[in-house]
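Notes to accompany the following structure.
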Number of protein chains: 4
Amino acid sequence: MTNSVRGGKRERLAAAAARVLHEQGVEKTTLADIAHAADVPVGNVYYYFKTKDQLVEAAIGEHGRALRGLLDRLDELPEPQRRLKALVRGWVDQREVAARYGCPTGTLASELDKRADGLDQAVGVLMRELLDWMERQFAALGREDARELAVALLSSYQGISLITNTLRDPELMKAEGDRLERWIDALS
Amino acid sequence: MTNSVRGGKRERLAAAAARVLHEQGVEKTTLADIAHAADVPVGNVYYYFKTKDQLVEAAIGEHGRALRGLLDRLDELPEPQRRLKALVRGWVDQREVAARYGCPTGTLASELDKRADGLDQAVGVLMRELLDWMERQFAALGREDARELAVALLSSYQGISLITNTLRDPELMKAEGDRLERWIDALS
Amino acid sequence: MTNSVRGGKRERLAAAAARVLHEQGVEKTTLADIAHAADVPVGNVYYYFKTKDQLVEAAIGEHGRALRGLLDRLDELPEPQRRLKALVRGWVDQREVAARYGCPTGTLASELDKRADGLDQAVGVLMRELLDWMERQFAALGREDARELAVALLSSYQGISLITNTLRDPELMKAEGDRLERWIDALS
Amino acid sequence: MTNSVRGGKRERLAAAAARVLHEQGVEKTTLADIAHAADVPVGNVYYYFKTKDQLVEAAIGEHGRALRGLLDRLDELPEPQRRLKALVRGWVDQREVAARYGCPTGTLASELDKRADGLDQAVGVLMRELLDWMERQFAALGREDARELAVALLSSYQGISLITNTLRDPELMKAEGDRLERWIDALS
DNA sequence: AATGAATGAGTATTCATTCAT
DNA sequence: TATGAATGAATACTCATTCAT
């Protein structure tokens with residue numbers, strides 16, 4: 001509650017970090033950029049996050065919260081296939097953003113993978129959460145190769161995000177999304 | 001041959017750039033890093049490349065040369081399916097590198113996509129070359145949806161590269177490669 | 001007063017810039033020179049001035065303040081001729097500095113004129129201010145050719161500053177100053 | 001004659017130096033700029049001029065030759081007043097150049113005056129030559145204050161060059177030239 | 001807690017000068 | 001004599017991090 005009195009600066013910083021780091025990349029983004037986006041004085045950032053890396057961590061956390069929120073909502077759908085296809089459709093709905101900035105977690109992962117300081121692990125955790133959820137859906141469909149299918153589906157999404165982004169063409173993601181939906185339908 | 005005595009610094013710099021930029025990322029890599037890797041004095045780099053961006057461009061060029069060399073070799077194989085599967089197998093062979101640093105062009109694309117200065121286009125050109133080649137193979141198989149299949153295949157590779165890299169598990173790429181080969185076989 | 005305790009770094013930097021740029025010229029002066037002259041850590045300069053050009057601008061501003069202060073004081077003299085001659089006498093009083101470094105604004109103008117980035121305009125504004133003031137004095141003397149006389153007087157000063165500087169002989173300015181005073185007296 | 005076989009590179013370099021240093025200023029001009037303007041390979045410059053300063057010296061020499069040529073031509077005129085007015089008219093004829101780049105020797109002097117390495121003296125020599133010539137004309141008119149008048153006339157020219165340049169207005173020099181001609185007429 | 005200010009270790013880039021041939 | 005290549009010292013500018021209040 002002190003938090004709300006303070007205006008939730010920590011939250012604003014985390015949200016701003018998630019957005020700005022996605023748009024500009026980790027290395028290109030300065031603390032001042034994030035502070036400015038969160039409307040927080042630069043000198044004040046350090047009361048909430050000791051280092052830039054902690055802000056990156058917070059941004060990953062934001063993406064994690066968003067992911068878990070999404071999966072919770074999907075879980076309310078009655079059948080695994082419906083859930084998987086809704087997931088795909090969600091990706092397709094974001095194709096304009098993907099064409100401009102790529103997948104938020106994917107680009108973050110790509111950049112952090114170059115490092116070896118623990119931060120690269122954090123995105124891996126997210127990725128595993130998503131893979132696990134997918135695996136459960138495919139397993140529910142009776143597939144023995146559920147994990148492999150989960151990896152294949154996530155691969156397709158991450159790959160098409162990158163291609164959509166590089167070629168600046170959102171329609172590529174639309175077409176691939178349709179293909180993936182047909183693929184899901186054909187599974188059971 | 002004077003050139004070879006002097007050691008072909010330009011070539012060494014381009015090769016070093018391709019390697020180091022892949023390993024460390026564009027932003028994290030300093031000119032000194034590249035100069036050092038090429039065993040060239042820092043001040044001398046500018047005799048060959050006026051800006052860091054030109055070195056990045058040269059690195060992309062190196063990847064392009066490698067790609068064209070690979071496709072030329074694949075073209076010697078008699079059947080489209082053999083060619084496509086050989087391509088996939090080549091990717092799988094590089095899985096240790098992918099697990100450590102990701103796909104060279106993919107990570108480069110991901111980082112450059114954040115920018116809007118023409119360099120982002122350069123990787124796009126490479127990507128299109130590869131897509132065009134793939135499309136020709138699928139078309140030779142009599143597929144009307146050749147372009148879509150090309151995009152799907154490249155997506156899978158780019159995506160599995162990222163996942164393999166993030167989860168630091170080369171075996172993921174092995175499994176996905178096997179799956180893709182089976183998929184290619186089933187197309188005919 | 002916190003400001004005065006901290007020492008008004010911005011002001012010190014502007015003052016140091018005005019002095020050092022006059023003594024060494026714009027191109028020959030490094031940011032470190034100015035920082036050192038102002039007793040400010042180099043890295044701190046950028047907190048106050050984002051670029052070297054902004055420091056040059058601040059130096060021009062300092063010269064402008066000095067000029068306006070001088071003209072305000074001259075305006076207190078009762079007659080136009082007295083004012084003009086006091087202006088000339090002020091120049092002559094500075095002849096040692098002129099012999100060593102030239103006229104502060106003149107040398108700045110000369111160097112900046114080579115450029116075309118807006119900074120060259122800034123000195124022009126100063127010059128016009130002085131010309132306007134002179135023109136008013138000549139007009140008050142009933143001269144129809146007031147503007148032309150203003151230009152002539154400023155020319156003589158700028159020219160003799162350059163000659164005094166080049167020949168390293170302050171007495172040249174003394175003699176020219178005397179001549180100009182007689183010229184002013186003869187105008188009535 | 002070896003010289004002419006070589007294509008007079010030394011001369012071309014000196015001429016290019018005179019021109020480019022005038023247009024860009026000493027500090028802003030690189031050796032490569034001059035070499036390029038003279039169409040001489042950069043590495044070759046050092047066979048003719050050991051240092052950049054020697055090129056500056058050569059440029060001053062060029063201005064000296066031009067000055068002596070001009071004065072020789074003026075000396076053919078029958079009367080001192082005609083000679084002085086022709087000198088002024090020559091300046092006015094160059095007013096477009098002056099508005100763009102200032103007086104060649106004046107701007108050079110201004111920049112070199114900041115230094116204390118002998119190069120500043122070289123322009124002084126030129127200036128004295130011109131002053132001496134002017135003094136002889138005024139003396140021929142029977143003026144006891146010939147030197148003072150010489151200094152005054154040169155001051156006016158140098159000053160109006162600077163003002164014309166700073167305010168980017170060639171007409172200022174036209175008006176001042178007319179005034180100076182009237183002043184010369186009124187002397188004898 | 002809050003914040004403007006301070007700091008110093010980088011980083012890309014420039015360029016006069018020298019060298020090898 | 002000629003020249004492409006080499007070199008390193010310098011310089012403007014950035015930014016994460018820390019400090020003083």
Side-chain angles (χ1 to χ4, degrees), chain A residues 2-3 5-7 9-10 26-35 40-56, chain B residues 1-3 5-10 26-35 40-56, chain C residues 1-3 5-10 26-35 40-56, chain D residues 2-3 5-7 9-10 26-35 40-56:
Chain A
T2 324
N3 232 3
V5 168
R6 279 203 319 260
K9 288 192 183 178
R10 181 180 207 95
V26 176
E27 295 296 329
K28 280 268 193 180
T29 298
T30 70
L31 282 188
D33 286 339
I34 298 173
V40 167
V42 191
N44 198 5
V45 173
Y46 279 82
Y47 273 89
Y48 303 96
F49 303 96
K50 289 302 164 206
T51 65
K52 185 180 178 181
D53 278 4
Q54 286 188 12
L55 263 170
V56 177
Chain B
M1 59 191 60
T2 321
N3 220 14
V5 167
R6 276 202 322 266
K9 290 195 178 179
R10 183 180 205 92
V26 177
E27 295 296 331
K28 278 275 199 178
T29 298
T30 70
L31 284 186
D33 288 339
I34 298 173
V40 166
V42 191
N44 198 8
V45 173
Y46 280 82
Y47 187 78
Y48 300 96
F49 301 96
K50 293 300 164 211
T51 63
K52 185 180 179 181
D53 278 4
Q54 285 188 10
L55 265 171
V56 176
Chain C
M1 60 190 61
T2 324
N3 220 13
V5 167
R6 278 201 323 266
K9 289 196 179 179
R10 184 180 204 92
V26 176
E27 295 296 330
K28 279 276 199 178
T29 298
T30 70
L31 284 185
D33 288 338
I34 297 174
V40 167
V42 191
N44 197 9
V45 172
Y46 281 83
Y47 187 78
Y48 300 96
F49 301 95
K50 291 299 165 210
T51 64
K52 185 181 178 181
D53 278 4
Q54 284 187 11
L55 265 171
V56 177
Chain D
T2 325
N3 230 4
V5 167
R6 281 201 319 257
K9 288 192 182 176
R10 182 181 205 93
V26 176
E27 294 297 329
K28 280 269 192 180
T29 299
T30 71
L31 281 189
D33 287 338
I34 298 173
V40 167
V42 191
N44 199 4
V45 173
Y46 279 82
Y47 273 89
Y48 302 97
F49 302 97
K50 289 302 163 205
T51 64
K52 184 181 180 182
D53 279 3
Q54 286 187 11
L55 264 171
V56 177

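Atoms considered below: every heavy atom in the structure, side chains included; atoms not considered: hydrogens, waters and symmetry mates. Protein chains get the first letters and strands the later ones, always in sequence-line order, with residue 1 at the start of each.
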query: Has the side chain of D/K9 got a donor or acceptor atom that lies under 3.5 Å from a matching backbone atom of D/V45?
result: no
message: What verdict does the side-chain contact (heavy atoms from CB on, under 4.5 Å) test give for B/Y48 and B/V40, after you've listed the backbone C-alpha separation in whole Å, the side-chain angles of each residue and the deciding distance to 0.1 Å?
response: CA-CA 11 Å; B/Y48 300 96; B/V40 166; 5.6 Å; no
task: For B/L31, answer base if it contacts any base atom (sugar-phosphate contacts may also be present), sugar-phosphate if it contacts only those atoms, and nothing otherwise; contact means non-hydrogen atoms under 4.0 Å.
output: base
- line: Pairing partner of F/dT11, by Watson-Crick or G-U wobble and under 3.5 Å for both distances, is E/dA12
task: Show the numbers, then the answer: is there a side-chain contact (heavy atoms from CB on, under 4.5 Å) between A/T51 and A/V56?
output: CA-CA 9 Å; A/T51 65; A/V56 177; over 6 Å; no
query: Whom does F/dT21 pair with, Watson-Crick or G-U wobble, provided both distances fall under 3.5 Å?
result: E/dA2
- request: Indicate whether OP1 or OP2 belonging to E/dA5 is found under 4.0 Å from a side-chain N or O atom of C/Y47.
  value: yes
task: Hey, could you give me the CG/NZ distance between A/L55 and A/K50, rounded to the nearest 0.5 Å?
output: 11.5 Å
field: Nearest-angstrom distance from the residue atom NZ of B/K52 to P of E/dT14
entry: 15 Å
- request: Could you say whether D/V26 or A/V42 is positioned toward the 5' end of DNA chain E, judged by the nucleotide with the nearest heavy atom to each?
  value: A/V42
field: d(OH, C/Y46; P, F/dT11) in whole Å
entry: 12 Å
field: Protein-nucleotide distance (D/Q54, atom CD; E/dT17, atom P), rounded to Å
entry: 9 Å
statement: Here the distance between atom P of F/dT14 and atom CD1 of A/I34, to the nearest Å, is 18 Å
- request: May I have the distance from C/K9 (atom NZ) to F/dA20 (atom P), rounded to whole angstrom?
  value: 12 Å
Nucleotide F/dT14, atom P - distance to CD of B/E27 in whole Å: 14 Å
task: Using whole Å, report how far CG of A/N44 lies from C1' of E/dA5.
output: 14 Å
- prompt: What is the base-pairing partner of E/dT7, counting Watson-Crick and G-U wobble geometry with both distances under 3.5 Å?
  reply: F/dA16
field: Rounded distance (Å) that lies between atom C1' of E/dC19 and atom NZ of D/K50
entry: 12 Å
task: For C/G43 and for D/V45, locate the closest nucleotide of DNA chain F by heavy-atom distance; then report the residue assigned to the nucleotide nearer the 5' terminus.
output: D/V45
query: Is the Lys NZ or Arg CZ of A/R10 less than 6.0 Å from the centre of A/Y47's six-membered ring, within 45° of the axis?
result: no
